[in-house]
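These numbers come from the heavy atoms of this one structure, side chains and all, not from hydrogens, waters or symmetry mates.
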Amino acid sequence: MSLKERDKKHIWHPLTQHKLHPDALPIVKAEGALLYDDEGKEYIDGIASWYTAMYGHCNPYIIEKVNEQMRTLDQIVFAGFTHEPAVRLSEELIKILPNNQEKIFFSDNGSTANEVGIKMALQYHFNRGEKRNTIIAFNDGFHGDTFGAMSASGLSVYNGPFEDFFIDVQRIPTPNKENFEEVIKELSEIISTYNVAAFIYEPLVQGANVMHMFEAEYLNEILQICTANHIITIADEVMTGFGKTGKNFASEYIENKPDIISMSKALTAGFVPMAITSCTQEIYDAFLDDSVGKAFFHAHTYSANPIACSVAIAGIELLASEEIQKNIETIIKSHKEFDSKIKKHPKIKTTRQQGVIYALDLNIEMDRYGKKRYEIFNHFMEHGVCLRPLGKTIYILPPYVITKDQLNKIYDAILVLLSSL
Ligand SMILES: *Cc1c(COP(=O)(O)O)cnc(C)c1O
């Protein structure tokens with residue numbers, strides 16, 4: 001039996017209506033920016049496997065570091081124990097995070113990183129004797145699929161059956177030049193009506209929301225108002241973190257720094273899952289007490305797994321390297337050149353770019369997971385390019401190690417698509 005057939009016997013895939021889409025494509029090998037299927041056909045990974053494998057698949061430098069770590073220490077309970085990879089990772093991260101960040105808390109994935117951030121914010125107020133139970137989030141944001149993170153997410157395509165079970169979330173639109181005053185008015189109304197504990201947001205780019213982008217100066221004002229009202233600000237940098245916006249973290253573009261930052265995805269470079277929630281000294285201090293009850297009683301069995309930490313340290317070293325920094329600049333520049341060539345195309349409605357993230361909206365109406373979307377996906381795969389359109393939005397978020405030739409192949413596949421529409 002082929003891998004495809006064996007898959008169908010026992011496997012339930014994420015985000016998949018198996019009745020409509022019974023087949024999953026077997027990938028047997030990956031290297032750099034390339035994926036190989038079970039028939040030997042290769043594909044350029046134009047989205048770095050959901051923004052994780054930014055330093056290239058099976059990066060040899062990371063493999064070497066993981067190998068070393070696996071022979072030394074594989075796993076140890078992180079409650080009451082510690083180890084070099086976790087300590088070293090905390091030191092390296094604090095160096096590159098916005099400089100109000102002081103403490104590092106470990107979990108397993110982007111959803112749990114946000115879950116931790118939300119729980120930290122709620123308990124911060126609780127520990128200080130204040131009852132605050134409402135979270136503010138942007139319309140159409142995406143923060144993950146666990147209950148707290150899902151409640152904060154505004155994409156109904158994921159949330160439908162669960163809405164009755166959500167924590168209390170109030171929403172505001174992402175700000176722009178036209179709606180800014182209205183957004184501030186709505187925000188102020190929410191703040192005066194509810195006991196707001198936290199504001200969670202994706203800084204500058206909403207990944208799952210079709211790579212929607214908005215400007216730092218407006219977000220900065222919102223953060224200013226939140227902070228003035230003692231609302232804990234949580235930057236969800238699960239997607240934007242580690243260089244994708246052109247800086248290590250999107251929060252660097254914004255003057256007001258968040259109290260809490262969640263990270264995952266590129267943190268562990270596509271090798272293993274891990275996540276981190278960082279916070280300020282002030283947040284941490286609110287949990288210090290002679291009473292055990294004020295401690296943060298949240299743990300995951302694999303918290304700060306030493307192998308995952310060794311991957312993350314190697315990833316941060318690569319991110320800081322001259323080679324990767326140069327590649328990031330090259331990708332940013334090529335996207336810009338491509339954009340100036342195609343943005344006036346009659347089949348394109350709008351285009352946008354932030355760092356290595358490039359997105360365009362087609363001038364046709366279609367459903368996020370509709371038939372046309374799958375046709376476009378298949379078009380790219382036939383051209384040896386792995387891109388996952390979000391409805392009518394096509395975006396590129398390539399691994400930093402992608403070559404100029406490979407980038408051009410992606411651009412060409414988009415041009416061919418445009419001329420076929
Ligand atoms: C992917 C993502 C998440 C969820 O992360 P998982 O690891 O899939 O749980 C949360 N927030 C943002 C912005 C993301 O892109």
Side-chain angles (χ1 to χ4, degrees), residues 51 78-79 82-83 85-124 127 135 143-144 146 148-149 152 197-204 219 223 226-227 231-245 247-269 273-288 295-300 302-305 308-313 315-317 319-320:
Y51 346 131
F78 207 55
T82 193
H83 51 80
V87 174
R88 168 92 196 282
L89 175 56
S90 72
E91 293 163 351
E92 296 305 320
L93 259 183
I94 291 298
K95 277 185 214 159
I96 60 169
L97 281 166
N99 56 22
N100 67 342
Q101 300 296 299
E102 283 296 333
K103 298 286 172 180
I104 298 292
F105 190 92
F106 290 90
S107 67
D108 298 341
N109 56 67
S111 307
T112 58
N114 287 323
E115 206 73 34
V116 164
I118 291 168
K119 284 176 74 176
M120 271 180 185
L122 292 172
Q123 193 179 341
Y124 168 87
N127 281 359
I135 310 291
H143 301 290
T146 53
F199 167 53
I200 184 166
Y201 61 98
E202 294 156 274
L204 306 193
L219 179 56
L223 293 177
C226 287
T227 303
I231 294 166
I232 303 302
T233 53
I234 306 171
D236 177 353
E237 294 241 19
V238 170
M239 195 278 289
T240 49
F242 303 98
K244 293 175 196 122
T245 62
K247 292 190 190 281
N248 287 339
F249 294 94
S251 292
E252 289 173 46
Y253 289 98
I254 305 147
E255 201 185 319
N256 284 301
K257 302 304 176 205
D259 301 301
I260 292 175
I261 300 179
S262 40
M263 295 152 253
S264 188
K265 292 202 163 112
L267 168 69
T268 38
M274 186 170 74
I276 283 175
T277 309
S278 68
C279 72
T280 60
Q281 188 70 40
E282 196 201 332
I283 302 274
Y284 178 81
D285 285 347
F287 292 72
L288 292 181
F296 191 49
F297 267 78
H298 183 109
H300 296 283
Y302 276 93
S303 291
N305 170 263
C309 290
S310 73
V311 172
I313 296 164
I316 292 171
E317 286 169 357
L319 178 62

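The line from OG1 of Thr280 to CG of Asn99 is 12.0 Å long, rounded to the nearest 0.5 Å. Taking CZ from Phe105 and OG1 from Thr112, the interatomic distance works out to 9.5 Å, rounded to the nearest 0.5 Å. In this structure, Ser90 OG and Gln101 CD are separated by 13.0 Å, a value rounded to the nearest 0.5 Å. Here the CD1 atom belonging to Ile316 is positioned 4.0 Å from the CG atom belonging to Leu93, to the nearest 0.5 angstrom. Atom CZ of Phe296 is separated from atom CE of Met120 by 5.0 Å, given to the nearest 0.5 angstrom. The SG atom of Cys226 sits 4.5 Å away from the CD1 atom of Ile231 when rounded to the nearest 0.5 Å.
Other residues, nucleotides and ligands contribute over 12 non-hydrogen atoms within 6.0 Å of the CZ atom of Phe287. Remark: Gln281 CD is packed, more than 12 non-hydrogen atoms of other residues, nucleotides or ligands lying under 6.0 Å away. Phe78 CZ: more than 12 foreign heavy atoms inside a 6.0 Å radius.
The closest side-chain heavy-atom distance from His83 to Val87 is not below 4.5 Å. In this structure the side chain of Thr277 never reaches within 4.5 angstrom of the side chain of Ile261, judged on heavy atoms. You'll find the side chain of Lys247 reaches within 4.5 Å of the side chain of Tyr253, heavy atoms only. Side-chain atoms of Pro203 and Ile254, non-hydrogen and from C-beta on, do get closer than 4.5 Å to each other.
Between the side chain of Glu237 and the main chain of Phe249, no donor-acceptor pair closer than 3.5 Å is present. At least one donor-acceptor pair closer than 3.5 Å links the side chain of Asn100 to the backbone N or O of Pro258. Checked by atom type and distance alone, the side chain of Thr227 pairs as donor or acceptor with a backbone atom of Leu223 at under 3.5 Å. Formation of a donor-acceptor pair under 3.5 Å by the Lys257 side chain with backbone atoms of Ser251 is found in this model. Looking only at distances, a side-chain donor or acceptor of Lys244 sits under 3.5 Å from a matching main-chain atom of Met239. Checked by atom type and distance alone, the side chain of Asp236 never pairs as donor or acceptor with a backbone atom of Glu202 at under 3.5 Å. Under the 3.5 Å distance criterion, the side-chain polar atoms of Tyr302 are left unmatched by any main-chain donor or acceptor of Ala308. No donor-acceptor pair closer than 3.5 Å links the side chain of Glu282 to the backbone N or O of Asp259. Within the 3.5 Å criterion, the main-chain N or O of Gly243 finds no donor-acceptor partner in the side chain of Asn248.
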Determine whether Glu317 and Arg88 satisfy the following criterion, salt bridge (Lys or Arg N to Asp or Glu O under 4.0 Å), listing intermediate values before the conclusion.
CA-CA 12 Å; Glu317 286 169 357; Arg88 168 92 196 282; 2.9 Å; yes
Could you walk me through whether Leu267 and Met274 pass the side-chain contact (heavy atoms from CB on, under 4.5 Å) test, one step at a time?
CA-CA 7 Å; Leu267 168 69; Met274 186 170 74; 4.1 Å; yes
With salt bridge (Lys or Arg N to Asp or Glu O under 4.0 Å) as the criterion, how do Glu115 and Lys119 come out once you've worked through the C-alpha distance, each side chain's angles and the decisive distance to 0.1 Å?
CA-CA 6 Å; Glu115 206 73 34; Lys119 284 176 74 176; over 6 Å; no
I would like to know whether Ile232 and Phe199 meet side-chain contact (heavy atoms from CB on, under 4.5 Å); could you show each step before the answer?
CA-CA 6 Å; Ile232 303 302; Phe199 167 53; over 6 Å; no
Test side-chain contact (heavy atoms from CB on, under 4.5 Å) applied to Phe106 and Cys309, step by step
CA-CA 10 Å; Phe106 290 90; Cys309 290; 3.9 Å; yes
How far apart are the C-alpha atoms of Met263 and Ser278, what are their side-chain angles, what is the distance that settles it, and do they pass the side-chain contact (heavy atoms from CB on, under 4.5 Å) test?
CA-CA 8 Å; Met263 295 152 253; Ser278 68; 3.6 Å; yes
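Ile200 pairs with exactly one of Thr233, Ile234, Ile260 by the side chain to side chain contact (heavy atoms under 4.5 Å, CB included) rule, that one being Ile234.
Of all the heavy atoms in Pro85 and Ile313, the pair that sits closest is O-CD1, 3.4 Å. When all heavy atoms of Ala149 and Ile118 are compared, the pair lying nearest together is N-CD1, 4.3 Å. The heavy-atom pair separating Ala198 from Ala121 by the smallest distance is CB-CB, 3.7 Å.
Cation-pi check for Lys103 over Tyr284 is met; the charged atom lies under 6.0 angstrom from the ring centroid and within 45 degrees of its normal.
For the residue pair Ser264/Asn109, the side-chain donor-acceptor check at 3.5 Å is not satisfied.
The side-chain hydrogen bond (donor to acceptor under 3.5 Å, both in side chains) check on His300 picks up His298, with sequence neighbours excluded.
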